[in-house]
2 protein chains.
Amino acid sequence: MDLPGQVNCETCRIRSCAVEVLDHQELQILKTNCAGAVYKKNERIFQQGSLCSNITYVKTGLIKIHKNGPSKDQILKLVKPPRFIGIPTVLGDKINHYSATALMPTTVCFIVTGIFKTLIMRNGKFANEVINSLCQDELTFYDRSINQMQKQIHGRLADALLFLADEIFLSDSFELPLSRSDLGDYIHATRESVTRTLSRMKSDGLIQMQGRLITLADKEMLVRISKLG
Amino acid sequence: MDLPGQVNCETCRIRSCAVEVLDHQELQILKTNCAGAVYKKNERIFQQGSLCSNITYVKTGLIKIHKNGPSKDQILKLVKPPRFIGIPTVLGDKINHYSATALMPTTVCFIVTGIFKTLIMRNGKFANEVINSLCQDELTFYDRSINQMQKQIHGRLADALLFLADEIFLSDSFELPLSRSDLGDYIHATRESVTRTLSRMKSDGLIQMQGRLITLADKEMLVRISKLG
DNA sequence: GTCAGGATATGATTTATATCACATTTGTAG
DNA sequence: CTACAAATGTGATATAAATCATATCCTGAC
């Protein structure tokens, strides 16, 4: 982790919808209680179980939110910036209920929890935007959760690849930011099953692979596989 | 559905934490934009895909939140009152992204979405309580989601029984409010597997069953099964 | 370069649970 | 009470994916 020192929220160009509605004075409050940080690939941003007094705002990069389950670690979601994460930690216990780890070089801002709460109390529009964001997360996670449960590996993997292409990289060709093992934790499959399914997709001409570089060759078919489950 | 007419939020004894922080004037606003309703078992409260202009506050009873998946309907969660549901619908499209159905006789209040938003904007404490509630939902759902994915049927069913006993009925003996089929949709299993697993638990002396009445006979063991997965 | 440790590939086997097929019970409308 | 539909129980079979066991491929350190 690298600390680039003080940030300036007033001139920041990657502001969230929520911060966008703050007035001059509120931005000043935010600015003096906000610190930036830079993370390299695979660096932990915060750790499940540890005490936490900050909300994290992911500005650039890509992170995974993951959590220990009864038998293994599971990736709950990949978070594409810009996005607040860890808001649930404002709750009573102030303990992180999940971990966050950078999958690519990532920049974040930490906002002191108390200040975040103050802004919610003080500015209704801010609160409203935060609520919108939480609601959107909820709906997205419901969808993902149902897909994970009901689709079989081909469908889940197709989902993941389409998500990476369409939501994260905005290109049908990208460097896979996850290892086979991580991909498995993300789509709830074993490393071996991921390998097998990717190989199958390659030999079926759905994707191309050269090392980490993946190209979605037959997107129509991938969408169909995703829909069929 | 039965409409008992006007409600009085000022004298209501089943108020949420959020409504608790409203002042006299705000309670008046709420009162005039809030309608009560009563549902019988298996009545639909709102339907996925339909337009919706209300937040639902579940006062008494028990409801299931369920959603169509690629292959079948799935119960996302059982909601124990008092609780707001459908807050995500305040978002852009105003379309329900899931259905809610009463599992027992249930009373609810509908609050016009616009008023809900007004209260958020106007009263920071209210907004804060709503955020707390959403965050709590999020964490609970993460836990449930991971358990569903990683535990096998015995563990998932034990979870469900313990949840019903400890969270819903506050008793180790209760009338099962879900059919085998519903239970299956809740723990992501087939009707047949639920039957088989319940029979097994009965013959192992973990539970007793007389018709709909279930008694958790060996709770220690159920907890152990739940933990082991 | 070489070497070691991690990541990936791939085949054989096992297993949990779905699916299918049918029997039995329960609830309910007439 | 009767009858019919819905809910539940139970066995046989199929199957997706995990697990186990190696083998091969990278990648970075020295």
Side-chain angles (χ1 to χ4, degrees), chain A residues 40-42 69-75 101 103 146-161 175-204 207-214 225-226 228-229, chain B residues 40-42 64 69-75 101 103 147-161 175-204 207-214 225-226 228-229:
Chain A
K40 290 195 271 288
K41 187 177 166 71
N42 291 324
S71 62
K72 61 171 185 171
D73 209 61
Q74 185 158 328
I75 298 181
T101 303
L103 291 173
I146 287 194
N147 284 334
Q148 290 292 304
M149 297 288 240
Q150 296 190 13
K151 289 181 185 173
Q152 51 194 63
I153 281 196
H154 287 84
R156 303 204 298 272
L157 188 55
D159 277 353
L161 294 175
E175 294 273 318
L176 197 63
L178 300 150
S179 68
R180 298 290 184 273
S181 182
D182 268 343
L183 247 185
D185 292 345
Y186 182 53
I187 65 166
H188 192 64
T190 56
R191 182 181 59 70
E192 294 97 319
S193 295
V194 171
T195 295
R196 256 186 275 268
T197 310
L198 279 175
S199 306
R200 183 72 198 284
M201 283 180 169
K202 187 182 178 184
S203 69
D204 287 353
I207 59 172
Q208 282 160 27
M209 283 194 288
Q210 298 119 72
R212 300 233 81 82
L213 186 74
I214 289 217
I225 288 173
S226 155
L228 286 177
Chain B
K40 290 194 271 286
K41 187 176 165 69
N42 291 325
K64 61 174 176 181
S71 62
K72 61 172 186 169
D73 208 62
Q74 185 159 327
I75 298 180
T101 303
L103 291 173
N147 284 335
Q148 290 292 305
M149 298 288 239
Q150 297 190 13
K151 289 180 185 175
Q152 52 194 63
I153 282 197
H154 287 85
R156 302 204 300 270
L157 188 54
D159 277 353
L161 294 175
E175 294 275 318
L176 196 63
L178 298 151
S179 68
R180 297 290 184 271
S181 182
D182 268 342
L183 247 185
D185 292 344
Y186 182 52
I187 65 166
H188 191 63
T190 56
R191 179 184 64 73
E192 295 95 320
S193 295
V194 171
T195 295
R196 258 186 273 269
T197 310
L198 279 175
S199 306
R200 183 73 198 285
M201 284 180 168
K202 187 180 179 186
S203 69
D204 287 352
I207 59 172
Q208 282 161 28
M209 284 194 288
Q210 298 120 71
R212 298 235 81 81
L213 185 73
I214 289 217
I225 289 173
S226 156
L228 286 177

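By convention in this document, chain letters (A, B, ...) are assigned in the order of the sequence lines, proteins followed by strands, and residues within each chain are numbered from 1.
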Inset, instruction - Walking along DNA chain C from 5' to 3', note the first and the last nucleotide with an atom under 4.0 Å from a heavy atom of chain A, and give both. - result: C:dT8 to C:dA12
Report, one pair per line, the protein and nucleotides 13-15 of chain D atoms (nitrogen or oxygen only) whose separation is under 3.5 Å.
none

Legend entry - Distance, rounded to the nearest Å, where A:His154 contributes NE2 and D:dA16 contributes C1': 10 Å
Legend entry - B:Arg196 side-chain proximity, nearest of D:dT10, D:dA16, D:dT8: D:dT10
Inset, instruction - Kindly say if A:Ser193 contacts the phosphate of D:dA18, meaning a side-chain N or O under 4.0 Å from OP1 or OP2. - result: yes
Legend entry - Distance in angstrom units between B:Glu192 CD and D:dA12 C1', rounded: 13 Å
Legend entry - Residue-level proximity of residues 178-191 of chain A to DNA chain C when a heavy atom falls under 4.0 Å: A:Ser179, A:Arg180, A:Arg191
Inset, instruction - Would you check if the side chain of A:Arg156 reaches a backbone N or O of A:Ile187 as a donor-acceptor pair within less than 3.5 Å? - result: yes
Inset, instruction - Calculate, to the nearest 0.5 Å, the distance between atoms OG and CG belonging to B:Ser199 and B:Asp204 respectively. - result: 10.5 Å
Inset, instruction - Look only at the side chain of B:His188 and the backbone of B:Gln148, and say whether a donor-acceptor pair between them is shorter than 3.5 Å. - result: no
Inset, instruction - Check the distance between D:dA17's C1' and A:Gln150's CD and give it to me in whole angstrom. - result: 18 Å
Legend entry - Interatomic spacing from CD1 in B:Ile207 to CG in B:Leu198 - rounded to 0.5 Å: 5.0 Å
Inset, instruction - Could you tell me the separation between the CZ atom of B:Arg191 and the CZ atom of B:Arg196, rounded to the nearest 0.5 Å? - result: 9.0 Å
Inset, instruction - Drop me the distance from B:Asp159's CG to B:Ile153's CD1, to the nearest 0.5 angstrom. - result: 12.5 Å
Legend entry - Enclosure of A:Arg200 CZ (heavy-atom neighbours >12, cutoff 6.0 Å): no
Legend entry - Value in whole Å for how far the C1' atom of D:dG9 lies from CG of B:Leu198: 11 Å
Legend entry - B:Lys151 to A:Pro70 - nearest heavy-atom pair and separation: CE-CG, 3.8 Å
Legend entry - Taking every non-hydrogen atom, the tightest pair across B:Lys72 and B:Asp185: NZ-OD1, 4.0 Å
Inset, instruction - Under 4.0 Å between any heavy atoms, over every strand shown, what does B:Arg200 touch: base, sugar-phosphate, or nothing? Just pick one. - result: nothing
Inset, instruction - Kindly compute the distance separating CD (A:Gln210) from NZ (A:Lys202), expressed to the nearest 0.5 Å. - result: 7.5 Å
Legend entry - B:Lys64 side-chain N/O to B:Tyr186 backbone N/O, donor-acceptor pair under 3.5 Å: no
